[in-house]
Amino acid sequence: MSAPDLTRLRPRLPSPLHRLDDERFTRHGVQLLLKRDDTIHPDLPGNKWRKLAPNLRAAAGRPVLTFGGAYSNHLRATAAAGRLLGFSTVGVVRGDELAHRPLNPSLARCAADGMRLHFIDRSTYRRKGEPEVLDAVLAAAGVDPHTVHLVPEGGSNSLAVRGCTELGAELRGLADVVAVACGTGGTLAGLAAGLAPDQRAIGVPVLKGGFLDAETERLQRETFGARTGDWHLEDRFHCGGYARTNPALDAFAEDFTRRHGLVLEPHYVAKLLYALTTLVEEGTFPPGTRLAAVITGRPWEPVQPDSSR
Ligand SMILES: *Cc1c(COP(=O)(O)O)cnc(C)c1O
């Protein structure tokens with residue numbers, strides 16, 4: 001076994017940075033830039049590439065086991081990486097198996113890519129961080145704990161955070177403020193650490209709960225030994241929680257597509273741009289600010305379940 005050759009997948013790195021003319025920003029003297037991480041790779045887009053790549057190098061061809069919900073972008077990216085690079089993958093999915101059969105399109109895609117799915121009930125899933133619970137889950141999944149490479153839910157560990165520092169480094173000198181939508185906070189943790197000292201980062205949580213400041217800081221302490229970089233969260237734009245939406249957000253996303261011809265990934269990217277449009281309207285950024293929005297992913301088109309079998 002050896003480290004997979006990720007360059008074979010020809011990632012588009014550094015990802016492009018485009019200027020977008022939008023009167024809602026220019027009116028306030030703010031220059032909006034889109035950091036198109038969604039174009040890095042068709043099957044491992046955005047921060048999923050940046051977080052997985054260092055983990056796959058560390059796994060060095062061993063099986064990779066990771067965790068996610070029934071619509072997890074991270075599970076799909078991991079499964080696709082396994083297919084493309086030829087290592088085996090196991091996905092531990094939150095929720096009882098019966099509730100997930102037949103598989104939804106996202107899980108069906110994972111299975112079609114060769115990921116072995118193992119379902120655990122929600123209360124066990126919540127406790128997967130406890131060593132005894134994890135051991136039991138691995139045993140039940142038939143996985144050898146000594147040969148498997150474990151990647152946490154959402155892919156956020158220290159390797160992933162380090163991978164995301166590259167995102168910050170690519171933006172040095174090119175923006176004053178960089179904004180990103182957050183799930184686990186891993187991308188923000190790395191991004192903020194990779195920026196230059198005169199740049200700052202804004203995270204927009206898409207989940208409800210107010211845990212993300214502590215969690216992002218924990219990831220930074222684990223990775224760098226201390227809270228790192230100039231960053232803060234804008235916690236008003238989760239619209240009720242993950243995958244929740246409201247009419248204003250839906251209208252915003254549709255209008256954005258009409259204006260700019262860009263279809264926004266609904267769970268993260270739409271909320272990010274909605275947040276930035278609101279913040280600019282509120283006069284948050286002084287005229288002359290170069291504001292970069294990280295486009296962390298693109299809408300996912302499901303394949304028909306079982307069509308590939
Ligand atoms: C996974 C994901 C995120 C969240 O990244 P975290 O590092 O978990 O905060 C943001 N945007 C998109 C499109 C994603 O798929």
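Not measured: the values here are computed from a predicted model. Just follow the structure's listing: the first ligand is 1, and inside any ligand the first atom is 1.
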Requested in this report: Among residues two or more places apart or on two chains, list those pairs meeting ring pair (Phe, Tyr, Trp, His ring centres under 6.0 Å) that have a residue in residues 59-107.
Outcome: H100-F119
**Report entry** Test side chain to side chain donor-acceptor pair (under 3.5 Å) applied to T245 and D250, step by step
**Finding:** CA-CA 7 Å; T245 174; D250 291 342; 2.5 Å; yes
Query raised in the report: When you check the side-chain N and O atoms of N73 and R76, is any donor under 3.5 Å from an acceptor?
Result: yes
Query raised in the report: R24: what forms a salt bridge (charged side-chain N to carboxylate O under 4.0 Å, His left out) with it, not counting sequence neighbours?
Result: D22, D255
Query raised in the report: Which pairs count as ring pair (Phe, Tyr, Trp, His ring centres under 6.0 Å) when at least one residue sits in residues 266-293, sequence neighbours excluded?
Result: Y242-H267, Y242-Y268, F252-Y274
Report summary line: Contact set, ligand 1, heavy-atom distance under 4.0 Å, ordered by chain/number, equals N47, K48, K51, N73, S156, A181, C182, G183, T184, G185, G186, T187, E265, Y268, T296, G297
Query - Stepwise side chain to side chain contact (heavy atoms under 4.5 Å, CB included) check, D135 with E132 - result: CA-CA 5 Å; D135 284 349; E132 324 77 72; 5.6 Å; no
